[in-house]
Amino acid sequence: MMSFKISDKPVVPFIEGDGIGPDIWKAARMVFDAAVDKIYGGRRYVQWKEIYAGQKAYNKFGEWLPDETFQTIREYGIAMKGPLTTPIGGGFRSLNVTLRQKLDLYACVRPVRHFKGVPAPVKHPERVNVVIFRENTDDIYAGIEWKQGTDEAKRVIDFLNCEMGCNLSYDCGVGVKPMSEFKTKRLVRMAIKYALDKHLPSVTLVHKGNIMKYTEGAFKEWGYEVAREEFSDTTITEDDVCTKYSGKPPKGKVVIKDRITDAMFQQILLRPEEYSIIATPNLNGDYLSDALLAQVGGLGIGPGANMGDEVALFEPTHGTAPKYAGMDKVNPGALILSGCMMFEYMGWKEVSDAIVKAMEKTISSGVVTYDLARQMEGSKEVKCSEFAQEIVNNL
């Protein structure tokens with residue numbers, strides 16, 4: 001994954017977010033600023049710059065996603081974002097998807113691990129420690145579709161039936177699932193580089209290529225091509241490990257393997273420790289990341305980043321939870337951990353490590369927000385801001 005050179009006093013744009021966004025942003029920023037000050041003692045600090053998207057942007061400018069927001073993120077090359085709601089009935093299918101597409105943030109990177117003390121529905125959540133690289137701009141999230149009964153849908157169905165030999169009825173809605181060689185290869189390339197940088201043992205390509213041979217199947221083949229053509233000295237296929245090395249990978253080699261999507265769901269439940277990085281098309285990655293997070297405590301501790309070659313946007317996995325807006329109630333952990341990803345990306349790893357350690361200590365002591373408190377016997381339920389303050393106290 002790309003590195004990012006940054007000054008000792010960087011300007012970092014942030015989008016507060018909708019719903020619970022203001023609550024969790026305020027809490028997370030408290031932790032960020034305290035950790036940076038604790039580690040660097042004023043020698044380094046972040047200059048936060050607010051930019052606008054979502055409801056706050058609409059209230060202020062009459063636009064859901066002002067051009068200035070895109071320009072500012074491009075200018076600084078880095079930003080943080082709270083959850084955004086999508087306007088109903090106009091403008092954008094999804095503000096999040098629009099940001100990813102316009103800024104060419106082609107990789108959704110989601111690390112999933114268990115924090116000691118967090119209740120989980122499986123016996124051994126500590127076995128889950130995986131990073132998902134989910135392609136962001138291809139697949140069904142391209143949003144190319146036509147509504148049933150429209151002239152556009154009829155024209156597409158006519159073409160498919162008459163020119164391509166299909167047999168579709170006219171009561172169908174129709175969508176297109178594009179998957180390109182270029183976009184697949186740059187995602188897998190980033191995943192392999194990350195594995196090499198972090199000294200992780202494997203990258204697994206997850207696909208439904210047994211059914212969709214020219215999209216999902218091509219994703220698998222293009223992924224293997226990247227490894228073979230660009231990383232031949234540092235990668236090895238799982239087949240070669242089995243046939244040439246008696247199942248034991250050579251030292252220093254990243255193993256490239258692949259799994260069918262439905263089989264992978266079983267694998268992450270039964271043998272999650274066998275997977276360190278998963279590279280996958282968009283929809284598969286969406287399902288898998290939520291399923292993995294469910295094993296370690298849920299979306300409340302699910303960080304994420306949307307990354308391209310020039311820009312990185314860090315954000316939590318969860319949504320806006322509007323019914324809790326303004327209640328100072330919701331777990332800010334996912335946003336805090338997304339900030340940890342950002343600090344590591346900036347080269348401030350000691351800040352990231354300090355926050356993670358303090359957060360784990362806080363949870364282990366039983367001081368948690370409502371989502372965890374209701375699952376932890378003997379815990380102390382605290383507000384969003386109080387949870388953040390306890391992390392600060394534990395730095």
Side-chain angles (χ1 to χ4, degrees), residues 13-21 51-58 61 63-74 77-110 132-147 152 173-180 182-184 186-187 190 206 215-216 219 278-290 293 299 302-322 334-335 338 341-342:
F14 72 91
I15 297 168
E16 193 175 53
D18 296 323
I20 59 171
I51 55 178
Y52 299 93
Q55 190 66 53
K56 198 169 184 179
Y58 188 79
F61 303 110
E63 298 179 77
W64 295 98
L65 266 177
D67 286 341
E68 184 178 349
T69 294
F70 294 104
Q71 294 167 7
T72 302
I73 295 173
R74 289 190 185 101
I78 190 170
M80 287 207 69
K81 183 182 82 62
L84 291 176
T85 191
T86 291
I88 297 174
F92 299 96
R93 287 176 178 270
S94 164
L95 300 180
N96 294 315
V97 170
T98 302
L99 279 163
R100 295 166 193 169
Q101 290 179 341
K102 286 198 172 185
L103 294 169
D104 199 23
L105 304 175
Y106 61 83
C108 179
V109 183
R110 291 181 173 176
I132 293 180
F133 281 74
R134 168 190 171 198
E135 208 288 321
N136 252 345
T137 56
D138 256 349
D139 202 5
I140 64 169
Y141 276 61
I144 305 171
E145 60 176 351
W146 297 275
K147 185 178 179 180
E152 292 85 357
V174 184
V176 176
K177 176 188 174 77
M179 207 163 285
S180 75
F182 169 74
K183 291 181 177 181
T184 295
R186 66 179 180 175
L187 176 86
M190 184 183 283
V206 179
T215 50
E216 303 261 344
F219 178 92
I278 293 171
T280 178
N282 199 308
L283 185 60
N284 299 337
D286 203 6
Y287 294 153
L288 285 168
S289 58
D290 281 10
L293 279 167
L299 297 180
N306 289 289
M307 311 190 76
D309 293 328
E310 305 295 334
V311 174
L313 179 63
F314 298 86
E315 61 179 334
T317 300
H318 61 69
T320 58
L335 184 59
S338 299
M341 292 180 70
M342 183 190 74

Do D138 and Y106 have side-chain atoms, one donor and one acceptor, less than 3.5 Å apart?
no

Is there a side-chain contact between N282 and N136, using heavy atoms and a 4.5 Å cut-off?
yes

Within the structure provided, determine whether L335 and F314 are in side-chain contact (heavy-atom separation under 4.5 Å).
no

Any non-hydrogen side-chain atom of D104 less than 4.5 Å from a side-chain atom of R186?
yes

Hey, could you give me the CD/CG distance between Q101 and N96, rounded to the nearest 0.5 Å?
11.0 Å

With a 4.5 Å heavy-atom cut-off, do V206 and R134 have their side chains touching?
no

How many angstroms lie between CZ in F14 and CD1 in I51, if you round to the nearest 0.5 Å?
9.0 Å

Checking E135 against T137: is there a side-chain donor and acceptor pair closer than 3.5 Å?
yes

Rounding to 0.5 Å, atoms CZ (R100) and CG (L95) come to a distance of 11.0 Å

Rounded distance [0.5 Å steps], CE in M341 versus CE in M80
10.0 Å

Fit a plane to each ring of F61 and Y52, take the angle between them on a 0 to 90° scale, and name the class: parallel (under 30°), tilted (30 to 60°) or perpendicular (over 60°).
perpendicular

Measure the shortest side-chain to side-chain distance between N306 and L103 over non-hydrogen atoms and say whether it is less than 4.5 angstrom.
no

